[in-house]
Amino acid sequence: MLLQGMAKSRPIFVCQNCGAITNRWQGRCDSCQDWNSIVEENPRLPPGVAKPGRGRPFDLEGLAGEGPAAPRLRTGIEEFDRVTGGGFVHGSVTLLGGEPGIGKSTLLIQACAELARRGSRVIYISGEEAVAQVRLRAGRLALADAPVELASATQVEDILATCSNGKRAALIVIDSIQTMHTESVDSAPGTVTQVRASAQALLRHGKSTGSSIMLVGHVTKDGQVAGPRVVEHMVDAVLSFEGDGAHHFRMLRASKNRFGPTGEIGVFEMTGLGLAQVPNPSALFLAGRDADAPGAAVLAGMEGQRPMLIEIQALVAPSSLGTPRRAVVGFDSNRLAMILAVLEAHGGLKLGAHDVYLNVAGGMRADEPAADLAAAAALISSLTGAPLPPTQVYFGEIGLSGAVRPVIHAGARLKEAGKLGFNRAVLSQGQQLNDEDKGAGVAPHQIADVAALVAEIAQAAPRRRGR
Ligand code: TYD
Ligand code: MG
């Protein structure tokens, strides 16, 4: 009804951050409070939109019933296929988000080359790089022989006309959606309206031809796919490619997937020859660990559905400052503050005059509550100078009362620890373990609270430094 009431020639003003629409220009968006984000756009309504009462009824169906199993297009890159739920579904549209320079184009050209080598028609359209640049990269990755069809283009109608020529493409990569523009709307390239209309045109092409479409989207600092959050609603799957510029590993995860689970992650390492798969990430994250030094604890963590062992390092040192420093890398600073408070209140530790640093090794993030116990163990170990047993892992949530609480996926955590040669796990007394969990070769040591953890670690402390 909003559309009907609006005079067709009248411009609208769209916030490029959140997509809110206003009737006049303003310096600040009322909806998301962002400054200078509102841009004038001319909507051109598709013909027929405003004519009510012309619909034809259709049949409604029940939930149960036969449907063909969705055929999948596997790239052959295991870590990639795991995240998409076993390959792209034909005709599906996937958005791959990530910060500039993280390796999106590299990952996709590698996937395209794999597919093309196995006989699928694959089209790679770059709106950002010239064909020569893409070729140069492919050459460096030793993929130049793969029969991928390349072009540098930004005009959606031209792209679709090109893709409709010849055999149906199995996969069309659009790098990136922000550089695309379509004739169907007047707005400038890069605006919400353009991005949305371009994505819609590509989506229609995918659904009507059965070609899978992969859209690359740049992500802003705070992790949103820049501007067009709108695209996320339209596509079938949203993947994000993450990593830390200073480290070589990259993680691919699904935040939305209409055809598969969202908990899966894929791990890659950026090498001189492109992205290499990391089938055993725990081993990578624990490589180079100094197991005999105090202040390091191994967390038996989970990334989505996948168990992963991560080292948490703490440094607790007497402070020369009036207000001691607390610094974290890869850990939540509020959680650290809470753990320190609980260790003081219920563990009998004095930390008020100490600087505290907490670091998650390898550039990882330990965001789950299960990391509390490993962080606490690392802190106690650093304060007392007592190294933790090198073949021991920790997982458990710490409550404000000092109690150690159970967490999910205990079985998977124990199994992963066993696989990597760990033989003892410290966890909550309340954690229910079945026979299979106990059979992982990792002896569970179940504790009730942080006082028990402090007592156990202090036992091994060197006399003089024990506090
Ligand atoms: P790129 O795929 O262009 O990132 P995006 O498309 O996400 O912006 O990759 C960018 C970085 O990856 C670049 O800074 C160099 C690095 N890189 C390697 O380290 N090794 C390689 O083999 C390639 C191709 C890139
Ligand atoms: Mg790129």
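Bear in mind that the values here come from a model prediction, so they are computed numbers and not experimental data. Remember, it's 1-based here, ligands and their atoms both numbered in the order they're listed. No hydrogens, no waters, no symmetry mates; every other heavy atom, side chains included, goes into these values.
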Suppose we measure from [atom] to each protein heavy atom; which comes out shortest, and what is that distance?
atom: atom 23 (C) of ligand 1; answer: Arg140 NH1, 4.0 Å
atom: atom 20 (N) of ligand 1; answer: Thr271 O, 2.8 Å
atom: atom 6 (O) of ligand 1; answer: Ser105 OG, 2.7 Å
atom: atom 12 (O) of ligand 1; answer: Met270 CE, 3.1 Å
atom: atom 3 (O) of ligand 1; answer: Arg137 NH2, 2.8 Å
atom: atom 8 (O) of ligand 1; answer: Gly101 N, 2.7 Å
atom: atom 2 (O) of ligand 1; answer: Thr106 OG1, 2.5 Å

Practice task
For atom 10 (C) of ligand 1, state whether the nearest protein heavy atom is under 4.0 Å away.
Solution key: yes
Handout entry: Sub-4.0 Å protein heavy atom near atom 15 (C) of ligand 1
Key =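 No; the ligand atom in question lacks any protein heavy-atom contact below 4.0 Å.
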Should the pair [X]-[Y] be classified as a salt bridge under the 4.0 Å nitrogen-to-oxygen rule?
X: Arg258; Y: Asp236; value: yes
X: Arg117; Y: Asp145; value: yes
X: Lys104; Y: Glu129; value: no

Problem - Within-shell test, Gly103 vs ligand 1, heavy atom, strictly < 4.0 Å - result: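 In this structure, Gly103 qualifies as a contact of ligand 1 - some heavy atom is under 4.0 Å.
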Residue [X] vicinity, atoms of ligand 1 by number, heavy atom under 4.0 Å:
X: Leu141; answer: 22 (O), 24 (C)
X: Pro100; answer: 8 (O)
X: Gly274; answer: 21 (C), 22 (O)

Practice task
Test side-chain contact (heavy atoms from CB on, under 4.5 Å) on Leu388 and Ile457 and set out the steps.
Solution key: CA-CA 7 Å; Leu388 301 171; Ile457 297 172; 3.7 Å; yes
Handout entry: 4.5 Å side-chain heavy-atom contact, Val407 and Met302
Key =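 No; the side chains remain at least 4.5 Å from each other.
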Exercise for the section: May I ask you to test the Thr84-Arg74 pair for a side-chain heavy-atom distance under 4.5 Å? Expected result: no
Practice task
Could you please spell out the steps behind the salt bridge (Lys or Arg N to Asp or Glu O under 4.0 Å) verdict for Arg137 and Glu128?
Solution key: CA-CA 14 Å; Arg137 180 189 287 127; Glu128 304 190 330; over 6 Å; no
Exercise for the section: Test Leu202 against every option in Ile172, Val93, Ile174, Val235 by the side-chain contact (heavy atoms from CB on, under 4.5 Å) rule and name the one that passes. Expected result: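 It is Ile174; the other options fail the test.
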Between [X] and [Y], is any side-chain donor less than 3.5 angstrom from a side-chain acceptor?
X: Thr271; Y: Glu269; value: no
X: Asp81; Y: Thr75; value: yes
X: Glu157; Y: Thr182; value: yes

Completion exercise
Ignoring waters, protein N/O/S atoms under 2.8 Å from the Mg ion (ligand 2) are Ser105 OG
Practice task
Compute the shortest N/O to N/O distance between Lys104 and ligand 1 and return yes if it is under 3.5 Å, no if not.
Solution key: yes
Exercise for the section: Assess the pair Phe80 and Phe88: is the distance between their ring centroids shorter than 6.0 Å? Expected result: yes
Problem - side-chain contact (heavy atoms from CB on, under 4.5 Å) assessment of Leu239 paired with Met214 - result: CA-CA 10 Å; Leu239 310 183; Met214 186 87 193; 4.2 Å; yes
